[in-house]
Amino acid sequence: TLEPASERAFMHWHLADCYRTTEQPELQEDEYLKAIEAFIESENKFFLGQAYIDLANLHYGARRYEQSKRYFHLAVPVLEETSRTDRMPFVKYRLAGVERHTGNLQVALLLAEEALQLARFAKDVVAERENMIEVGLVHDALGNHETASEIFAALIDDNDEALKHRSAAKAIYFRARLIENLGNFPAAALGYQQAIPLLKVMNLENLAINAQLALIHMSQPIGEKNA
């Protein structure tokens, strides 16, 4: 019931953030939708663009890729109108992920490379390295394994600052996964073992769990794997 609409919009937006930190995604989605409605009503396009991104990212994390794509696309013209070019590398990065997960690999590659160039133009090292990982993942999905491996290796080797540690840990994991898929299980196991403690330090628990499960799977006899 708060008026004006701009105040109501921020209330819903901050509530959504509270539900995010307390892991209540359904309530979070509802508050984002209410915030978006109120930002539109108050003609606050500056924050409307970010609200679209937040909702799109929520859908992305839940693997609702079509919904995610819709809200990212809604965000783009609003960001352009309000000169929020700083958010474009992330939007293109996420759209590349959407297209990769839905099998549109050539489109994903174009978006990932565009996101990478935008991040470099903005001199955003963290965004640049995250986009390099996405480019590597797309190349891996396309069967360009050598190219993907080289990208991951470059991120692992260039790890001289704290802000690079997170992406380096992810690169170690994804390179190990690539090596496993190519059938080199001893080398993959070494990669996973190296990645797990680094992923945990970086609070990348899902990837750490995936690495642990991969190690368990590789340690099983062939007959048990196929059971």
Query raised in the report: Of Asp124, Leu118, Leu116, which meets side-chain contact (heavy atoms from CB on, under 4.5 Å) against Pro89?
Result: Leu118
**Report entry** Spacing of CG belonging to Leu95 relative to CG belonging to Asn104, to within rounding of 0.5 Å
**Finding:** 11.5 Å
Query - Lys45 atom NZ, neighbour heavy-atom count above 12 within 6.0 Å - result: no
Query raised in the report: For the atom pair CD (Gln212) and NE2 (His217), what is the distance rounded to the nearest 0.5 Å?
Result: 16.0 Å
Report task. Using salt bridge (charged side-chain N to carboxylate O under 4.0 Å, His left out) as the criterion, point out the one residue from Lys34, Arg20, Arg64 that pairs with Glu29. Result -> Arg64
Report summary line: Closest heavy-atom pair, Leu178 versus Ala148, reported as atoms and distance to 0.1 Å, is CD1-CB, 3.6 Å
Query raised in the report: Would the number of heavy atoms belonging to other residues, nucleotides or ligands and lying under 6.0 Å from CD of Glu37 be above 12?
Result: no
Requested in this report: Decide whether Ile156 and Leu182 are clustered together by the hydrophobic rule: side chain heavy atoms of Ile, Leu, Val, Met, Phe, Trp, Tyr closer than 4.5 Å, transitively.
Outcome: no
**Report entry** Same apolar cluster (I L V M F W Y, side chains within < 4.5 Å links), Ile53/Leu15
**Finding:** no
Query raised in the report: For the residue pair Asn159 and His165, what are the closest heavy atoms and their distance?
Result: OD1-ND1, 2.8 Å
Query raised in the report: Under 4.5 Å between side-chain heavy atoms, hopping through other hydrophobics if needed: is there a path connecting Phe152 to Val125?
Result: no
**Report entry** Quiz item: cation-pi between Arg94 and Tyr60, 6.0 Å / 45°
**Finding:** yes
Query raised in the report: Under a 4.5 Å cut-off applied to non-hydrogen side-chain atoms, are Arg177 and Tyr192 in contact?
Result: yes
Query raised in the report: Got a donor-acceptor contact below 3.5 angstrom from the Ser68 side chain to the Asn57 backbone?
Result: no
Requested in this report: Please say whether more than 12 non-hydrogen atoms of neighbouring residues, nucleotides or ligands are located less than 6.0 Å from CD in Glu43.
Outcome: no
Report summary line: Correct closest heavy-atom pair for Ala171 and Ile133 would be N-CD1, 4.4 Å
Query raised in the report: Roughly how far, to the nearest 0.5 Å, is the CD1 atom of Ile196 from the CD atom of Glu205?
Result: 11.0 Å
Requested in this report: Report the distance from atom CG of Asn210 to atom CG of Leu215, rounding to the nearest 0.5 Å.
Outcome: 11.0 Å
Report summary line: So CD of Glu134 and NE2 of His139: to nearest 0.5 Å the spacing works out to 11.0 Å
**Report entry** Closest non-hydrogen atom pair, Asn131 against Ala119
**Finding:** ND2-CB, 3.9 Å
Query raised in the report: Taking ILVMFWY side chains as joined if any heavy atoms are under 4.5 angstrom apart, and letting links pass through other members, which residues group with Val78?
Result: Phe10, Trp13, Tyr32, Leu33, Ile36, Phe39, Ile40, Phe46, Phe47, Leu48, Tyr52, Leu55, Leu58, Tyr71, Leu74
Query raised in the report: Are Leu155 and Leu137 in one and the same hydrophobic cluster, where Ile, Leu, Val, Met, Phe, Trp and Tyr link if side-chain heavy atoms are under 4.5 Å apart?
Result: yes
Query - Contact summary for Gly191 and Ile172, nearest pair of heavy atoms - result: O-CG2, 3.4 Å
Report task. Could you tell me whether Arg129 and Glu161 have a side-chain N and a carboxylate O separated by less than 4.0 Å? Result -> no
Query raised in the report: Taking 4.0 angstrom as the limit, do Glu130 and Lys170 come out as a salt bridge?
Result: yes
Query raised in the report: Do Leu109 and Val107 share a hydrophobic cluster (ILVMFWY, side-chain heavy atoms under 4.5 Å, transitive)?
Result: no
Query - Within-4.5 Å side-chain heavy-atom neighbours: Val76 and Glu80 - result: yes
Report summary line: Taking every heavy atom of Glu66 against every heavy atom of Thr102, the minimum-distance pair comes out as OE2-CG2, 4.2 Å
Report task. Would you check if the side chain of Arg166 reaches a backbone N or O of Met202 as a donor-acceptor pair within less than 3.5 Å? Result -> yes
Report task. With rounding to the nearest 0.5 Å, note down the distance linking CG in Leu105 to CG in Leu110. Result -> 11.5 Å
Report task. Tell me, yes or no, whether the heavy-atom count around Asn206 atom CG, taken from other residues, nucleotides or ligands under 6.0 Å, exceeds 12. Result -> no
